[in-house]
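Only one structure is covered here, and it is reproduced in the block below.
Being a predicted model, the structure only gives us computed values, none of them experimental. Throughout, numbering of the chain's residues begins at 1 and tracks the sequence.
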Amino acid sequence: MNSNLEFEAVIGLEIHVQLSTESKLFCGDRTLFGEPANTQVSSISLAHPGTLPRTNNKAVELAVRMGLACHSSISEKNFFARKNYFYPDLPKGYQVSQHTIPICNGGTVRIMVNGIEKEVILNRIHLEEDAGKSIHDVDETFSLIDLNRAGTALIEIVTEPCIHTSEEACAYVTTVRKLVRWLNVSDGDMEKGNLRCDANISVRRKGEKQLGTKVEVKNLNSIRNLRKAIDFEISRMSSMLENDEKIIQQTRSFDAVTDTTFALRDKEEANDYRYFPDPDIAPFVLSGKYINDISISMPELPEQLQSRLQQDHGLSLYDAHQITEDKDIARFFLDVNDIVSNPKSVANWINGPVKQQLNDRGCSIEDLKLSPSDLAALILLVEDGKVSFSSASSQVLPKVINSGNPPIEIIQQYDLLKVSDEAELINWINIALNKMPEKVIEYRKGKRGLIGLFVGEVKKLSKGKADPKLVNEILERKLNE
Ligand code: ADP
Ligand code: MG
């Protein structure tokens, strides 16, 4: 029985994003990552009696920015609630969150899966504070507590149960990460725990309207683990349904060593959080003017830029999406294209050889020693026939990046000018043909596809410098003599 045909997965994601504020949500404690334990902890973070929290304006602004980018509607009247539970890394005995009314309601995020665009529908985005960290693997006898993170500002972005595959889920989280970086809302660094994801997953028979019983896999800290956890759960729950086993609502955790999930607790043991409005924190009102001012200060969104690249620059959906994957890449594209005025060619260069260099070097475009004007110069040299695309992309580009020298200097220094001189080309062609006389006979007997082999050999002999168009012409002429 093929379970994929019979069952459908339904997924809702909750993403916690640490806001890039300098201080915590309700006090001036710093939020630096990797500082010595418990050095960013004042009496307010610890909720000592008599201390009074105050709301961080910047955190409110960043939450509104994210909400506007996701087309959410922003709440006018806001207040915080206490979510009461006991945990050693929660010094107050409660977490301050927005329970009844989130700062942002509804919304959508546009994602692309297998070349097709789709919208993920948001339920809400709300503000809350983070807990501290329990550390179980440093001391043999005791668990240690680091409260540096306690009280840092988070937004929690909650989707409707509208996602159906692990690919969609991964595309959504990737898009949210791009958005928070684009808007300077967060660095979105999953390795540092600044973007964490909980996946709610259920499976039902196809055609059924009612949602199945869900499990929640907590704290997925990479896109890879998110994909694996979802795929594992879909197949686990599908086979349970196939065997008529009852699925129970559970909180589960992902084990990255075995690529499986295991149960942490059943829903019956769920806490009663006894929510109530926090009496120490002033409610706040967001005026239309306040929201409008933020809206005006927003940069062009990736989806807007993507549409503009398609409409004004004639890029394909795929290319425009690739270019807007990252704000700095998009900026770089625009800067190069201002000089070159050939969007398709610039997009091909950036999505191809330039991103290859970024991958090989494991760095981002701002860390790469490549100025927009150098890339533009290189593209123009190829367009003018001074250097072959193959030498330009595989030899000149990395050398420009390594040295910081302009392309034309590199081309001269390494003798990489494209060779169009007929005598020189014929010399390489003769060497190539003499190397494989049988192939030449086969070609002459009608195996015309072999021309590619000869061209390839000339390319190799000339170290990529031979003008491929001329090589083709001369080869055909010689072989058909
Ligand atoms: P909880 O009270 O358990 O936190 P919520 O209703 O707040 O549940 O939903 C939390 C997340 O789980 C949301 O993203 C929501 O879309 C998703 N969700 C709710 N029910 C299901 C279900 N049956 N299957 C998959 N996802 C679900
Ligand atoms: Mg939940």
Trace of the side chain to side chain contact (heavy atoms under 4.5 Å, CB included) decision for Glu168 with Val120:
CA-CA 9 Å; Glu168 288 177 8; Val120 171; over 6 Å; no
Geometric cation-pi criterion, Lys83 with Tyr94: 6.0 Å, 45°
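The answer is no; the distance or angle limit is not met.
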Cation-pi geometry met for Arg82 and Phe276 (6.0 Å, 45°):
no
Tell me, yes or no, whether the heavy-atom count around [X] atom [atom1], taken from other residues, nucleotides or ligands under 6.0 Å, exceeds 12.
X	atom1	result
Lys118	NZ	yes
Asn114	CG	no
Tyr275	OH	yes
Glu245	CD	yes
Gln304	CD	yes
Arg205	CZ	yes
Arg361	CZ	yes

Using a strict 4.0 Å threshold on nitrogen-to-oxygen distance, state whether Asp326 and Lys178 make a salt bridge.
no
Under a 4.0 Å threshold between the charged nitrogen and the carboxylate oxygen, would Lys228 count as salt-bridged to Asp255?
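So Asp255 does not pair with Lys228 through a salt bridge.
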Answer with yes or no after comparing the ring centroid distance for Phe262 and Phe254 against a 6.0 Å cut-off, counting only values under it.
no
Would you say the ring centroid of Trp349 lies under 6.0 angstrom from that of Phe389?
yes
Which residue is it: Ile365, Leu370, Ile401? I am looking for the one with a side chain to side chain contact (heavy atoms under 4.5 Å, CB included) to Gln357.
Ile401
Roughly how far, to the nearest 0.5 Å, is the CG atom of Asn105 from the CD1 atom of Ile74?
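Answer rounded to 0.5 Å: 8.0 Å.
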What are the two closest heavy atoms between Ser75 and Leu286, and how far apart are they?
O-CD1, 3.7 Å
